[in-house]
Amino acid sequence: MKNFHWIVAMLGGSIFTCAAQGTPAGAVEPISEPALRPTSAAALVDARLPRYRPEPIAFPREASYVTSAGEISIIGYNDMLGILTAINTLFVGAHPEFRFSLVLKGTRTAPAALAQGRSAFAPMGAEFSDAELTAYESVAGSKPTAIRVAHDSLEPRALSAPLALYVHHDNPIGKLSIDQAARAFTARTSDDQITRWGQLGLTGEWAQRPIHLCGLHAATALGIFMQKHKLGGHPYAVGFSGFPQSAEAVKCVGTDPLALGFAALNRATPEVKILAVSDHPADPSSRGSREDIISGSYPLDRHLYIFVRRSPGRPLDAFVREYLRLVLSYEGQQAIASGTLGYLPLNAEELAEERSKLD
């Protein structure tokens with residue numbers, strides 16, 4: 001495993017290789033402590049996370065996801081290229097007979113490839129849509145299993161970020177609860193609907209001013225996430241302006257002093273203000289620091305996923321299980337957090353929950 005240790009040590013410098021020569025076939029040894037040169041995000045990886053201990057695994061030559069060139073095919077999210085390259089490098093260091101083919105053209109390319117067995121698993125930046133889930137089940141006969149592998153990023157270059165609630169920078173409000181946001185953004189009875197800033201605690205000239213709603217269109221991944229997970233599944237309120245991109249939603253807020261909007265947290269501009277958010281009005285609030293996101297205390301957090309194909313009552317594919325054991329380890333989370341796009345590691349509780357899905 002000498003060369004594997006060299007690979008682990010060099011990952012902190014963004015040096016990736018799939019070569020691991022000189023390891024006897026079938027040899028499996030424990031991985032030593034990584035010598036990653038931590039970035040600020042990598043330094044946030046919990047030292048208590050389990051270390052990766054490789055288990056013997058045969059190359060799945062007859063699997064439908066193995067290419068004619070003898071490589072494991074992985075099809076999915078383009079923003080996970082750096083993460084998967086780093087994990088693949090570590091995996092080859094422990095299992096040198098493996099090679100990989102990455103075809104990463106976008107999250108929406110992953111579900112069909114997984115259902116048809118053309119990809120070992122589905123790396124995705126969002127959950128399956130209802131239509132994708134229906135199509136998947138019609139082919140695979142069961143639902144896919146979702147595995148969270150990282151928190152989304154705060155880096156502007158990243159394509160996946162937590163959500164945020166935005167107001168114009170001149171608006172005096174400083175925080176909002178998810179309960180309050182749901183009553184503003186969705187269609188409710190007249191007694192329950194929030195339509196004016198005074199209902200959110202503002203006084204004086206702001207009290208009677210109407211709230212203008214902006215956000216991601218209901219058909220977008222972020223619009224679906226917000227509606228499904230944070231707004232109780234209710235339809236968006238009459239007058240809600242939905243946009244295809246976060247930058248457009250933020251611009252809507254930045255040009256309207258009466259606007260309340262939601263968009264990706266990494267798309268803020270000087271014209272807007274990010275609100276501190278809590279689940280309920282009396283709860284502690286957060287504006288989405290890295291520490292709050294990793295700890296799970298930021299209510300609008302989102303994740304990167306690997307979806308896997310698993311038949312009811314059957315064990316997980318042996319290669320996929322071993323690969324995810326690496327992803328969901330201290331070394332795997334260090335590799336993720338050391339990436340240039342700033343995706344954040346899981347905390348110990350999240351990681352234990354995801355690892356339990358492997359058995």
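- The aromatic rings of Phe98 and Phe319 lie parallel to each other, their planes meeting at an angle below 30°, with 60° marking the opposite boundary.
- Both Leu102 and Leu326 belong to a common hydrophobic cluster when Ile, Leu, Val, Met, Phe, Trp and Tyr are linked at side-chain heavy-atom distances under 4.5 angstrom.
- Contact check for Pro345 versus Asp46: no side-chain heavy atoms found under the 4.5 Å cut-off.
- In terms of heavy-atom proximity, Ser285 sits nearest to Ala276 at OG-CB, 3.5 Å.
- Leu304 and Val103 are members of different hydrophobic clusters when ILVMFWY side chains are connected at heavy-atom separations under 4.5 Å.
- With a 6.0 Å radius and a threshold of 12 heavy atoms from other residues, nucleotides or ligands, Lys251 has its NZ atom at or below the threshold.
- There is no path of hydrophobic side-chain contacts, each under 4.5 Å, that joins Ile224 to Leu222.
- Contact detail for Ala47 and Tyr330: the closest heavy-atom pair is CA-CE1, 3.8 Å.
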Practice task
For the pair Leu84 and Tyr77, evaluate side-chain contact (heavy atoms from CB on, under 4.5 Å) and give the outcome as yes or no after the intermediate values.
Solution key: CA-CA 10 Å; Leu84 294 172; Tyr77 189 30; over 6 Å; no

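- Separating the OH atom in Tyr166 from the CG atom in Leu265 is a distance of 5.5 Å, to the nearest 0.5 Å.
- Residue Glu248 qualifies as enclosed at atom CD: its count of foreign heavy atoms under 6.0 Å is above 12.
- With hydrogens and angles ignored, the 3.5 Å screen pairs a side-chain donor or acceptor of Arg99 with a backbone N or O of Pro96.
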query = Are Val167 and Leu176 close enough, and set up right, to give a side-chain contact (heavy atoms from CB on, under 4.5 Å), and what steps lead you there?
reply = CA-CA 11 Å; Val167 294; Leu176 205 62; over 6 Å; no

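- Nearest heavy atoms, Arg108 versus Ala126: NH2-CB, 3.8 Å.
- Looking only at distances, no side-chain donor or acceptor of Asn171 sits under 3.5 Å from a matching main-chain atom of His168.
- Tracing side-chain contacts under 4.5 Å through hydrophobic residues (I, L, V, M, F, W, Y), one reaches Leu324 starting from Phe91; they form part of the same cluster.
- Residues Tyr343 and Val149 fail the side-chain proximity criterion, which asks for heavy atoms closer than 4.5 Å.
- Rounding to the nearest 0.5 Å places CD1 of Ile173 at 9.5 Å from CH2 of Trp206.
- Atom-to-atom distance recorded for Thr203:OG1 and Trp197:CH2 is 13.5 Å, nearest 0.5 angstrom.
- In this structure a side-chain-to-backbone donor-acceptor pair under 3.5 Å is present from His217 to Ala219.
- Of all the heavy atoms in Pro156 and Arg267, the pair that sits closest is O-NH1, 2.7 Å.
- Looking at heavy atoms from C-beta onward, Arg290 lies in side-chain contact with Leu154 at the 4.5 angstrom threshold.
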Requested in this report: Quick one: do Ile83 and Val327 satisfy side-chain contact (heavy atoms from CB on, under 4.5 Å)? Show the steps, please.
Outcome: CA-CA 10 Å; Ile83 288 173; Val327 173; over 6 Å; no

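- Formation of a donor-acceptor pair under 3.5 Å by the Arg321 side chain with backbone atoms of Arg325 is not found in this model.
- Aromatic ring centroids of Phe307 and Tyr136 lie 6.0 Å or more apart.
- Using a 4.5 Å cut-off on side-chain heavy atoms (C-beta onward), Phe59 and Val66 make contact.
- Heavy atoms of other residues, nucleotides or ligands lying less than 6.0 angstrom from NZ of Lys175 number 12 at most.
- A distance-only check finds a donor-acceptor pair linking the side chain of Arg355 to the backbone of Leu328 [under 3.5 Å].
- Rounding to the nearest 0.5 Å gives a distance of 10.0 Å between CG of Asp301 and CG of Asp292.
- Val272 and Phe243 sit in two unconnected hydrophobic clusters of ILVMFWY residues. Membership requires side-chain heavy atoms under 4.5 Å apart, directly or through other members.
- Between the side chain of Ser119 and the backbone N or O of Ala122 there is no donor-acceptor pair closer than 3.5 Å.
- In Asp192, the CG atom is crowded: over 12 heavy atoms of neighbouring residues, nucleotides or ligands sit closer than 6.0 Å.
- At least one donor-acceptor pair under 3.5 Å links the side chain of Ser73 to the backbone N or O of Arg118.
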Report task. May I have the step-by-step check of side chain to side chain donor-acceptor pair (under 3.5 Å) for Tyr323 and Asn88, ending in yes or no? Result -> CA-CA 9 Å; Tyr323 191 95; Asn88 291 352; 2.6 Å; yes

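- Using the six-membered ring where Trp is involved, His303 and His151 have ring planes that are tilted, between 30° and 60° apart.
- The distance from the CG atom of Asn78 to the OG1 atom of Thr109 is 8.0 Å, given to the nearest 0.5 Å.
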Q. Given the rule in the side chain to side chain donor-acceptor pair (under 3.5 Å) test, do Thr195 and Gln193 qualify, once you have shown the distances and angles that lead to the verdict?
A. CA-CA 6 Å; Thr195 60; Gln193 185 83 46; over 6 Å; no

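- Between Leu159 atom CG and Met80 atom CE the span is 12.0 Å, to the nearest 0.5 Å.
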Self-check item: Tyr52/Glu322 under side chain to side chain donor-acceptor pair (under 3.5 Å): CA gap, chis, key distance, verdict
Solution: CA-CA 10 Å; Tyr52 177 57; Glu322 184 67 7; 2.5 Å; yes

- Go through the steps to decide whether Phe225 and Leu216 satisfy the test side-chain contact (heavy atoms from CB on, under 4.5 Å), and finish with yes or no. CA-CA 10 Å; Phe225 174 90; Leu216 278 299; over 6 Å; no

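- A donor-acceptor pair under 3.5 Å is absent between the side-chain atoms of Thr186 and the main chain of Arg183, judged by distance alone.
- No more than 12 heavy atoms of other residues, nucleotides or ligands shown are found within 6.0 angstrom of CD on Glu349.
- For the residue pair Leu165 and Met226, the shortest heavy atom distance occurs at CD2-CE, 4.0 Å.
- Ser338 places no side-chain N or O within donor-acceptor distance of the main-chain N or O of Ala335, the cut-off being under 3.5 Å.
- Among all heavy-atom pairs drawn from Cys252 and Ala259, the shortest one is O-CB, 4.2 Å.
- Judged by distance alone, with hydrogens and angles left aside, the side-chain atoms of Arg302 form a donor-acceptor pair with the main-chain N or O of Gly125 at under 3.5 Å.
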